[in-house]
Every structure is written in C-alpha cells, then in structure tokens.
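Only a predicted model underlies this, so the values are computations on that prediction, with no experimental measurement involved.
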Amino acid sequence: MTQIIPLKAEPRARAGKGTARATRRLGLVPAVIYGNKETPLLLAIDKFTVNRVLHQPGFFTHLFDITVGATTTRVLPRDVQLDPITDLPLHLDFLRVGADTRITLDIPCEFLNVEKAPGIKKGGVLNVVRHSIEVSCLAANIPEQIVIDLAGADIGDSIHISTITLPEGVTPTIQDRDFTIATIAAPSGLGGDEG
C-alpha cells in the first residue's frame with residue numbers, strides 16, 4: 001500500500017500573509033494540518049525538504065508522518081500553492097488521517113507487458129484514455145498505482161474498469177458505468193482500402 005514518509009516541521013505562531021512571507025524568508029514553507037475534527041495546526045517545513053518530496057512521484061498519494069516537537073501526526077497532502085513565476089512551493093495543506101478516514105483521490109495507472117501484447121506486436125497503438133482513476137479508499141490502504149496487464153490485449157480490445165482487480169476496500173468513484181481505461185488501436189495504415 002502507500003508509502004509513509006517522515007517529515008520534521010516547526011510550529012508557526014500566526015497565520016497571515018506577512019507571517020507567511022517572513023517564514024519563507026527564513027527558508028521555510030508555511031503549511032497547515034487540518035481535519036479529523038481537531039484544531040488546525042500551523043507549521044513550517046524546510047524548503048529543501050519540501051522540494052525533495054514534492055518532486056517525487058505520487059506526492060498526493062503518499063502519507064506523511066509530520067513531527068512537530070514531540071508530536072507526530074499522520075497526514076495526506078491535499079493542496080500545494082506554487083509561485084506562478086518560479087514554481088516554488090508557497091504553502092502546503094495537509095489533511096489529518098486516522099485509521100477509519102475514507103478519502104477520494106486520483107491513483108495513476110501503470111501499464112504492464114505493453115511490448116508483449118499481441119495487438120502491439122502486430123503494430124497496434126496503445127491509446128490511454130485514463131492516465132489515473134479516481135478511487136475511494138481508507139487512508140491506510142492507498143494503492144501506489146493501479147496495475148493494468150496488457151499481456152493478452154489485441155487490436156480492437158478495450159480495457160474497462162470491470163476487468164481490473166482493485167485492492168480490497170478500493171472502489172472507483174464512477175459507479176454508474178463500466179468506463180474505458182485504454183484501447184489497442186489499429187495502426188493508421190490499416191484503416192481500410194483507399195480509392
């Protein structure tokens with residue numbers, strides 16, 4: 001399931017633009033932890049640490065254990081505000097999660113055995129309709145990715161959500177239809193007779 005990444009943070013006394021700017025001048029990124037019917041916790045995290053974890057794959061699907069002093073809180077990133085010019089993080093929002101916290105988030109799709117798929121061997125093209133799938137699950141059971149095995153897929157085949165085995169307790173948020181994740185399309189040269 002999901003990876004849990006430890007982070008150290010410092011408490012912040014106040015919120016507001018001036019305080020946030022002062023925090024950034026110290027080389028820290030302002031952040032807040034909210035949710036689970038508890039008081040929001042204002043904190044600041046080292047900007048180099050934030051940049052390192054922010055640019056790793058799956059930032060929004062990993063749980064973090066944020067330690068402030070002697071207290072550790074398990075959280076899930078929910079929002080990152082970036083500077084429109086420099087793309088540096090300006091502020092982070094984290095959601096407190098407990099053992100029974102159910103969340104909705106996008107999980108990336110990973111396609112296996114693309115080169116072994118009969119349709120690809122014949123010159124077909126993998127047409128990815130959904131690069132990620134929105135699911136609902138417990139915070140403790142967030143899958144790293146949704147794995148789609150294409151080993152038997154031929155030209156003209158469609159991979160639907162009903163053919164994918166999701167981890168236990170993980171359900172797609174779209175329940176009213178059997179949506180397509182990917183197809184194996186014929187190469188453009190096999191489109192039909194011309195003339």
Side-chain angles (χ1 to χ4, degrees), residues 1-7 31 33-36 45 49-66 73-82 87 89 92-188:
M1 288 288 121
T2 191
Q3 180 181 356
I4 300 171
I5 301 168
L7 276 181
I33 297 174
Y34 62 88
N36 213 21
I45 306 169
T49 303
V50 170
N51 280 326
R52 181 177 44 82
V53 297
L54 186 60
H55 293 97
Q56 291 178 352
F59 175 74
F60 286 102
T61 60
H62 287 146
L63 292 176
F64 289 82
D65 279 344
I66 296 182
T73 306
R74 182 149 298 163
V75 298
L76 180 71
R78 294 312 275 172
D79 189 33
V80 177
Q81 295 165 13
L82 299 173
D87 258 358
L92 300 168
D93 289 358
F94 294 98
L95 175 68
R96 270 186 200 96
V97 294
D100 59 347
T101 304
R102 193 156 189 88
I103 55 169
T104 299
L105 68 168
D106 286 328
I107 303 297
C109 295
E110 180 181 345
F111 295 91
L112 298 180
N113 296 316
V114 175
E115 66 284 345
K116 293 180 183 175
I120 300 296
K121 285 182 178 179
K122 294 176 189 173
V125 178
L126 176 63
N127 177 27
V128 178
V129 178
R130 293 181 182 264
H131 292 275
S132 64
I133 298 172
E134 186 178 71
V135 299
S136 175
C137 63
L138 291 175
N141 293 336
I142 301 170
E144 290 285 325
Q145 68 265 337
I146 295 174
V147 178
I148 296 128
D149 190 352
L150 299 174
D154 208 342
I155 290 176
D157 286 352
S158 295
I159 294 86
H160 294 91
I161 190 63
S162 63
T163 63
I164 305 303
T165 303
L166 296 172
E168 188 175 337
V170 177
T171 57
T173 56
I174 298 173
Q175 294 285 317
D176 61 340
R177 64 186 184 281
D178 188 17
F179 59 87
T180 303
I181 299 169
T183 62
I184 305 288
S188 57

Notebook entry, point to check: Heavy-atom distance under 4.5 Å between the side chains of Glu134 and Pro172, does that happen here?
Noted result: no
Next item on the list: Heavy atoms only: give me the nearest Leu76-Thr61 pair and the separation to one decimal.
Entry: CD1-C, 4.2 Å
Next item on the list: First locate atom NZ of Lys116, then atom CG of Asp149, and finally report the distance between them rounded to the nearest 0.5 Å.
Entry: 8.5 Å
Check: Do you know which two heavy atoms are closest between Gly98 and Ala139, and how far apart they sit?
Finding: O-CB, 4.4 Å
Notebook entry, point to check: Rounded to the nearest 0.5 Å, how far does OG of Ser136 lie from CZ of Arg102?
Noted result: 4.0 Å
Next item on the list: Assess whether side-chain contact (heavy atoms from CB on, under 4.5 Å) is satisfied between Lys122 and Ile120, documenting all intermediate values.
Entry: CA-CA 5 Å; Lys122 294 176 189 173; Ile120 300 296; over 6 Å; no
Margin query: Counting C-beta onward and ignoring hydrogens, is there a side-chain heavy-atom pair between Ile184 and Val125 closer than 4.5 Å?
Written below: no
Notebook entry, point to check: Atom CD1 of Ile66 and atom CG of Leu7: how far apart are they, to the nearest 0.5 Å?
Noted result: 5.5 Å
Note to self: Ignoring hydrogens, what is the shortest heavy-atom contact between Pro77 and Phe64? Give both atom names and the distance.
What the structure shows: CG-CE1, 3.4 Å
Checklist line | Any donor-acceptor pair under 3.5 Å from Asn141 side chain to Leu138 backbone | finding: no
Check: Heavy atoms, side chains only, cut-off 4.5 Å: are Leu150 and Leu126 in contact?
Finding: yes
Next item on the list: Can you sort out the partners of Ser162 under side-chain contact (heavy atoms from CB on, under 4.5 Å), two or more places apart, ordered by chain and number?
Entry: His160, Asp178
Next item on the list: Would you give the length of the straight line joining atom OG1 of Thr165 to atom CD1 of Ile148, rounded to the nearest 0.5 angstrom?
Entry: 11.0 Å
Next item on the list: Determine the minimum heavy-atom distance between Phe111 and Ala182, stating which atoms define it.
Entry: CE2-CB, 3.7 Å
Next item on the list: Inspect the contact between Arg78 and Asp93 and indicate whether a charged nitrogen and a carboxylate oxygen are less than 4.0 angstrom apart.
Entry: no
Notebook entry, point to check: Quick one: are Thr173 and Gln175 in side-chain contact, heavy atoms under 4.5 Å?
Noted result: no
Note to self: Side chains of Ile159 and Thr180, heavy atoms from C-beta outward: is any pair under 4.5 Å?
What the structure shows: no
Note to self: Ser158 vs Val129, test: side-chain contact (heavy atoms from CB on, under 4.5 Å). Steps then yes/no.
What the structure shows: CA-CA 10 Å; Ser158 295; Val129 178; over 6 Å; no
Item checked: CA sep, side-chain torsions, deciding dist, call: Asp106, Phe60, side-chain contact (heavy atoms from CB on, under 4.5 Å) -> CA-CA 8 Å; Asp106 286 328; Phe60 286 102; over 6 Å; no
Next item on the list: Determine the minimum heavy-atom distance between Ala151 and Pro118, stating which atoms define it.
Entry: O-CD, 3.2 Å
Check: At what distance, to the nearest 0.5 angstrom, does CG of Leu54 lie from CD1 of Ile45?
Finding: 10.5 Å
Checklist line | Test side-chain contact (heavy atoms from CB on, under 4.5 Å) applied to Phe179 and Ile133, step by step | finding: CA-CA 10 Å; Phe179 59 87; Ile133 298 172; 3.9 Å; yes
Margin query: For a quick check under 3.5 Å, do His62 and Gln56 share a side-chain donor-acceptor pair by atom type?
Written below: no
Check: Quick one: does Ile107's side chain get under 4.5 Å of Ser132's, heavy atoms only?
Finding: no
Check: Would you call Thr104 and Thr171 a side-chain contact if the rule is heavy atoms closer than 4.5 Å?
Finding: no
Next item on the list: To the nearest 0.5 Å, tell me how far Thr73 OG1 sits from Asp65 CG.
Entry: 8.5 Å
Item checked: Of Ile146, Ile161, Val128, the residue whose pairing with Ile181 passes side chain to side chain contact (heavy atoms under 4.5 Å, CB included) -> Ile161
Notebook entry, point to check: Of the non-hydrogen atoms in Val75 and Ile33, which two are nearest, and what is the gap between them?
Noted result: CG1-CG2, 3.7 Å
Notebook entry, point to check: Can you tell if the side chain of Leu95 reaches within under 4.5 Å of the side chain of Ile103, non-hydrogen atoms only?
Noted result: yes
